[in-house]
Colleague: 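Quick one: this structure, given as structure tokens, is what I'll be asking you about.
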2 protein chains.
Amino acid sequence: MSDKMPNTADRRLPAYLRLRDELAARIAAGEWDASEMLPSENALTRESGLSVGTVRKAVQQLVDEGLLERRQGAGTFLRKPAFDSSLFRFFALRDGEGPSTIPVSRLIARTRATAPEAVARILGTSDCVRIERVRLLQDIPWLSEDIWLPRARFDGIEAVPEMEIGPLLYPFYLGRYGQFIARAEDEVRFGKATEIAAERLNLPAAAPVALIERTAFALDGQALEWRLACGAADRFRYRSRIS
Amino acid sequence: MSDKMPNTADRRLPAYLRLRDELAARIAAGEWDASEMLPSENALTRESGLSVGTVRKAVQQLVDEGLLERRQGAGTFLRKPAFDSSLFRFFALRDGEGPSTIPVSRLIARTRATAPEAVARILGTSDCVRIERVRLLQDIPWLSEDIWLPRARFDGIEAVPEMEIGPLLYPFYLGRYGQFIARAEDEVRFGKATEIAAERLNLPAAAPVALIERTAFALDGQALEWRLACGAADRFRYRSRIS
DNA sequence: GAGTGGTCTAGACCACTTC
DNA sequence: AAGTGGTCTAGACCACTCG
């Protein structure tokens with residue numbers, strides 16, 4: 001083993017995991033963009049002093065984690081996580097299941113705010129920015145969202161012109177603040193719509209809703225965002241595969 | 001490559017996939033039981049004429065699919081799918097989250113029956129056996145289940161003494177009928193309790209419930225069981241990790 | 001101590017994409 | 001044709017489990 005391996009978090013981890021960590025760090029640092037190929041396996045072999053098999057294992061790890069995408073004959077590329085819109089996976093779409101109907105976002109409010117204690121504990125601070133928005137599919141409001149971000153990492157986001165923010169927040173976080181969302185955890189339960197949510201979703205007061213609580217994390221495990229999304233219970237539908 | 005590889009489904013698949021298929025077939029045939037080690041990597045290398053790396057890849061495939069479990073220093077073993085009781089993962093347990101409180105099953109009825117069309121389509125026949133049961137945790141009814149099985153594969157199951165059927169059906173399917181459940185698909189939605197379900201769960205009429213529809217499959221992809229489970233919505237809670 | 005899985009090497013050839 | 005990832009070999013040594 002060469003000494004070119006980085007020492008970050010070097011607890012005598014296997015070489016392929018250290019290489020994985022190094023690559024993950026470089027990805028997070030924005031070294032490559034979505035269109036360009038990462039170094040080939042050959043190149044990584046030379047750079048790292050490891051053998052092909054080991055390099056492949058490191059890359060495969062990142063593929064399994066959803067960060068990279070391999071295309072035979074072409075190269076290895078970033079795979080931008082598409083799960084911003086994936087809250088919709090909890091909901092049954094209309095019959096056509098449109099071959100990718102585009103979700104539209106309507107921003108309702110962005111304010112500096114003090115996070116409730118439970119949220120502050122997750123984000124590590126109560127000094128936050130709060131974003132409220134509604135997400136629509138074919139002009140019908142499906143989801144009402146209440147999003148909390150630590151102000152230290154997203155300073156000034158409440159003042160960014162709405163035009164600059166696309167329908168998907170995670171790419172925006174990355175492009176504007178260099179914050180990369182690597183994974184997220186969702187928790188679903190059933191409840192009743194708040195007055196505000198009911199109004200935003202055109203539902204009767206206290207209508208039954210599915211509540212999806214999400215915490216999104218950076219590569220290093222730091223929580224970057226917390227949100228509570230809410231949608232009509234009778235449209236809720238979730239599939240899962242077990243084995 | 002030796003010619004010892006089986007020809008089943010040999011569409012010029014990579015060697016590791018053919019070995020995977022062969023092992024999966026031998027597992028399904030009941031060649032090993034839960035306590036005994038499968039052939040070591042060394043042994044498989046000799047038997048198959050492949051190299052260690054390739055053998056490892058085949059075994060890893062089955063591990064990823066949840067069929068096998070590797071224990072360093074000890075060997076590779078069957079991993080009996082524990083997901084019969086896993087419907088409970090959808091529900092929040094009481095505070096202690098008991099370090100594995102045992103689910104109890106109460107059989108209510110077993111009858112020959114003609115499956116509704118939707119179920120018949122999934123199972124491939126309308127000639128079925130129907131099992132109704134309630135599942136309890138610490139004497140509290142949590143889930144009401146309505147289970148349909150194709151009679152051809154589970155003949156006489158309606159007459160098996162209740163003693164012989166444990167709290168978990170899948171091990172019973174395997175032991176008594178040689179039917180191995182390899183995976184399952186769950187779909188969750190939100191609805192109102194039927195009269196019968198409400199009564200069985202001690203809920204008010206038409207109480208809000210979570211409905212979990214499950215189809216369970218054999219290794220070859222054949223649907224072996226369909227069930228509809230139902231539990232109080234306010235106890236429903238589901239976590240998922242995305243990346 | 002014997003046997004198991006876990007990691008790793010230093011190559012080879014093949015299938016595929018791109019130019 | 002050149003370069004990419006996909007498969008595969010024939011070993012090696014290490015970490016761990018078990019009797």
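Note: hydrogens, waters and symmetry copies are ignored here, and every other heavy atom, side chains too, is used. Below, chain A is the first sequence line, B the second, and so on; all start at residue 1.
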Colleague: I want to verify a distance call: between D/dG5, D/dT9, C/dC8, whose nearest atom is closest to the A/S51 side chain?
Modeller: C/dC8
Colleague: Touch check for B/V59, heavy atoms < 4.0 angstrom, all strands: base, sugar-phosphate only, or nothing?
Modeller: nothing
Colleague: Just how far, in rounded Å, is P of C/dG6 from OH of A/Y16?
Modeller: 9 Å
Colleague: To the nearest angstrom, how far is B/R56 atom CZ from C/dC8 atom P?
Modeller: 11 Å
Colleague: Look at the side-chain N and O atoms of A/T76 and state whether any lies under 4.0 Å from the OP1 or OP2 oxygen of D/dT4.
Modeller: no
Colleague: Expressed as a whole number of angstroms, how long is the span from B/R70:CZ to D/dA15:P?
Modeller: 18 Å
Colleague: How many whole angstroms separate atom CG of A/L44 from atom C1' of D/dG5?
Modeller: 12 Å
Colleague: Starting at the 5' end of DNA chain D and moving along, which residue's nearest nucleotide shows up first, A/G75 or B/A74?
Modeller: A/G75
Colleague: Ignoring hydrogens and angles, state whether a donor on the side chain of A/E225 or A/Y170 is under 3.5 Å from an acceptor on the partner side chain.
Modeller: yes
Colleague: Side chain of B/A15 only, please: which of C/dA10, D/dC8, C/dT9 is the nearest?
Modeller: D/dC8
Colleague: Hey, which sits more toward the 5' end of DNA chain C by its nearest nucleotide, B/M37 or B/G53?
Modeller: B/M37
Colleague: Calculate the interatomic distance between A/F77 atom CZ and C/dT17 atom C1'; express it in whole Å.
Modeller: 10 Å
Colleague: Is it the case that the side chain of B/Y177 and the backbone of B/D155 share a donor-acceptor pair, with hydrogens and angles ignored and the cut-off at 3.5 Å?
Modeller: yes
Colleague: Taking the minimum atom-to-atom distance to the side chain of B/P14, which one of D/dT7, D/dA15, C/dG11 wins?
Modeller: D/dT7
Colleague: Treating B/R79 as the side-chain partner and B/G66 as the backbone partner, does any N or O pair qualify as donor plus acceptor under 3.5 Å?
Modeller: yes
Colleague: Nearest whole angstrom, please: distance from the P of C/dA2 to the CD of B/E41.
Modeller: 20 Å
Colleague: Could you tell me if A/R71 sits above the aromatic ring of A/F77, with its cationic atom closer than 6.0 Å to the ring centre and no more than 45 degrees from the axis?
Modeller: yes
Colleague: Consider the side chain of B/Q72, meaning its heavy atoms from C-beta on, and name the nucleotide among D/dG6, D/dC8, C/dG6 that approaches it most closely.
Modeller: C/dG6
Colleague: Counting heavy atoms from C-beta on, name the nucleotide in D/dG5, C/dC8, C/dG5 closest to the side chain of A/T54.
Modeller: C/dC8
Colleague: Taking atom P of C/dT7 as reference, at what distance in whole Å does atom NZ of A/K57 sit?
Modeller: 4 Å
Colleague: Would you kindly give the CZ-to-P distance between B/R46 and C/dT4, to the nearest whole Å?
Modeller: 8 Å
Colleague: For residues B/Q179 and B/R153, is any side-chain donor paired with an opposing acceptor at under 3.5 Å?
Modeller: yes
